[in-house]
Amino acid sequence: MARLDRLDARYRAHHGHRGEFVFGADERAGLIAFLVGGPGLRVLDLGCRTGALTQHYTAGNEVVGVDVDHGALEQAVERLGIETVWADVEEGLPFPDDSFDVVVAGELLEHLADPAAAVANVRRVLKPGGRFVGSVPNAFRLKSRLRYAVGRHPETDATHLQLFTPAALLALLGDFDDVDVRFAVGRYVRLQRRLMARAQVFTARKPR
């Protein structure tokens with residue numbers, strides 16, 4: 001079985017019991033939509049699934065969704081009418097160089113064995129000056145640290161292959177300009193962002 005077929009089977013099974021779950025829900029979606037911007041932008045949404053997050057930035061923009069879950073892509077088409085592509089972001093993206101204004105990766109990089117390969121593919125398809133917007137879980141928040149302290153893995157999702165610190169994110173995005181990583185999402189973020197935030201949201205710009 002080819003790699004993409006294996007990923008399709010794995011994530012179809014993984015998504016099957018999660019329904020329309022969106023990590024961070026409206027708070028993360030609203031922030032990412034704000035960072036994506038528009039209208040009039042050509043946007044590539046990596047790991048779009050059924051379009052639960054995508055729907056927040058389709059208005060006025062031309063959006064293309066990519067995912068390894070073929071069934072989820074079919075739902076995204078039915079739901080939003082967007083163009084979709086079945087592809088593995090680590091293996092390559094079937095788009096010309098410099099073809100998107102914005103690339104979104106919402107809760108994707110932590111699932112990848114080789115996130116650096118995916119980021120290199122993102123940089124290739126972004127236009128000069130284009131923006132890379134996304135988020136990863138804050139795996140070092142207080143709840144995760146307590147789990148680790150009692151001998152449990154800090155992440156409960158078995159498909160998470162990476163744990164990102166802000167420094168690790170900055171290093172991963174080292175070929176971009178204007179990199180910004182912020183802590184967000186959660187009721188108590190205002191008290192202590194690093195310990196209470198559920199997500200790290202990032203933006204970066206491809207050099208002109």
Side-chain angles (χ1 to χ4, degrees), residues 22-24 27-48 53-54 56-57 61 63-67 87-93 95-142 144-145 154-155 160-186 189-190 192-208:
V22 178
F23 181 78
E27 186 178 351
R28 183 173 67 93
L31 178 55
I32 290 181
F34 172 77
L35 295 172
V36 169
L41 301 175
R42 182 165 165 78
V43 180
L44 178 63
D45 189 359
L46 303 178
C48 70
L53 182 62
T54 320
H56 294 273
Y57 40 85
N61 293 323
V63 179
V64 179
V66 170
D67 206 283
D88 177 357
V89 299
E90 294 175 80
E91 294 293 305
L93 295 170
F95 307 106
D97 294 357
D98 307 335
S99 53
F100 290 93
D101 299 294
V102 181
V103 176
V104 180
E107 307 302 311
L108 171 71
L109 297 176
E110 70 275 10
H111 293 273
L112 305 180
D114 189 0
V119 171
N121 291 327
V122 167
R123 193 175 186 278
R124 180 186 66 79
V125 301
L126 269 174
K127 296 177 181 178
R131 287 173 291 115
F132 184 25
V133 176
S135 62
V136 296
N138 179 19
F140 297 91
R141 65 191 184 274
L142 181 60
S144 298
R145 294 183 190 208
E155 284 291 338
H160 287 190
L161 306 180
Q162 309 290 337
L163 301 177
F164 287 102
T165 63
L169 265 181
L170 290 171
L172 184 65
L173 300 170
D175 289 334
F176 289 79
D177 291 339
D178 304 325
V179 180
D180 177 68
V181 177
R182 65 184 74 178
F183 292 97
V185 183
V189 174
R190 66 187 183 280
Q192 220 296 341
R193 292 182 299 169
R194 184 177 293 267
L195 288 179
M196 297 302 179
R198 297 180 63 196
Q200 298 177 72
V201 178
F202 64 85
T203 58
R205 188 177 299 276
K206 180 177 175 177
R208 293 187 182 276

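Predicted, not measured: the structure shown is a model, and the values here were computed from it.
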### Task
Identify the heavy atoms of C48 and D67 that sit nearest to each other, and give their distance.
N-OD2, 3.3 Å

#### Entry: With R193 via side-chain hydrogen bond (donor to acceptor under 3.5 Å, both in side chains) - residues at least two apart
none

#### Entry: Those residues that, when tested against H111, pass ring-ring contact (aromatic ring centres under 6.0 Å, His included) (two or more places apart)
Y11, H160

### Query
Can you tell which of L112, N121, L109 makes a side-chain contact (heavy atoms from CB on, under 4.5 Å) with V89?
L112

#### Entry: Shortest non-hydrogen contact between G134 and I32, atoms and distance
C-CD1, 4.5 Å

### Task
Look only at the side chain of K206 and the backbone of K127, and say whether a donor-acceptor pair between them is shorter than 3.5 Å.
no

### Query
By salt bridge (charged side-chain N to carboxylate O under 4.0 Å, His left out), which residues pair with R194, not counting sequence neighbours?
none

#### Entry: side chain to side chain contact (heavy atoms under 4.5 Å, CB included) partners for V125, two or more places apart
L44, L93, F95, S99, F100, V103

### Message
Within the 4.5 Å heavy-atom criterion, are V36 and V43 side-chain neighbours or not?
### Response
yes

### Query
Quick one: does F164's side chain get under 4.5 Å of P115's, heavy atoms only?
yes

### Task
Please examine the side chains of L195 and R145, heavy atoms only from C-beta on, and report whether any two atoms are closer than 4.5 Å.
yes

### Message
Quick check for you: to the nearest 0.5 Å, what is the distance between L108 atom CG and S135 atom OG?
### Response
9.5 Å

### Query
Does a salt bridge link R42 with D101, judged by any charged N lying under 4.0 Å from a carboxylate O?
no

### Message
If the condition is ring-ring contact (aromatic ring centres under 6.0 Å, His included), which residues does Y57 pass it with, not counting sequence neighbours?
### Response
none

### Nearest heavy-atom neighbours spanning A197 and V189
CA-CG2, 3.7 Å

### Task
Kindly determine whether R124 and D98 satisfy salt bridge (Lys or Arg N to Asp or Glu O under 4.0 Å), including the steps that lead there.
CA-CA 6 Å; R124 180 186 66 79; D98 307 335; over 6 Å; no

### Message
Could you check whether any side-chain N or O of N138 sits under 3.5 Å from a backbone N or O of Q200, counting only pairs where one atom can act as donor and the other as acceptor?
### Response
no

#### Entry: Residues in side chain to side chain contact (heavy atoms under 4.5 Å, CB included) contact with A113, at least two apart in sequence or another chain
E90, L161

### Residue pair A139 / S144: nearest heavy atoms and the distance that separates them
O-CB, 2.8 Å

### Message
Under the rule for salt bridge (charged side-chain N to carboxylate O under 4.0 Å, His left out), what residues qualify as partners of E155, not counting sequence neighbours?
### Response
none

### Query
Of all residues at least two apart in sequence or in a different chain, which pass the ring-ring contact (aromatic ring centres under 6.0 Å, His included) check with F176?
F132

#### Entry: Electrostatic pair R198:E27 at N-O distance under 4.0 angstrom
no

#### Entry: By salt bridge (charged side-chain N to carboxylate O under 4.0 Å, His left out) - contacts of D178 (at least two apart)
R205

### Task
Sorted by first residue and then second, give each salt bridge (Lys or Arg N to Asp or Glu O under 4.0 Å) pair with at least one member in residues 160-174; sequence neighbours left out.
none

## Note on the structure
Interatomic distance, CG@L169 vs CD@Q162, rounded to 0.5 Å, equals 10.5 Å

### Minimum side-chain heavy-atom gap F202-V133 below 4.5 Å
no

### Message
Are the side chains of R28 and L53 in contact, using a 4.5 Å heavy-atom criterion?
### Response
yes

### Message
Please enumerate all residues that pass side chain to side chain contact (heavy atoms under 4.5 Å, CB included) together with A171, with sequence neighbours excluded.
### Response
none

### Summary
Heavy-atom nearest pair, L41 first then N61, reads N-OD1, 3.0 Å

### Message
If the condition is side-chain hydrogen bond (donor to acceptor under 3.5 Å, both in side chains), which residues does R182 pass it with, not counting sequence neighbours?
### Response
D180

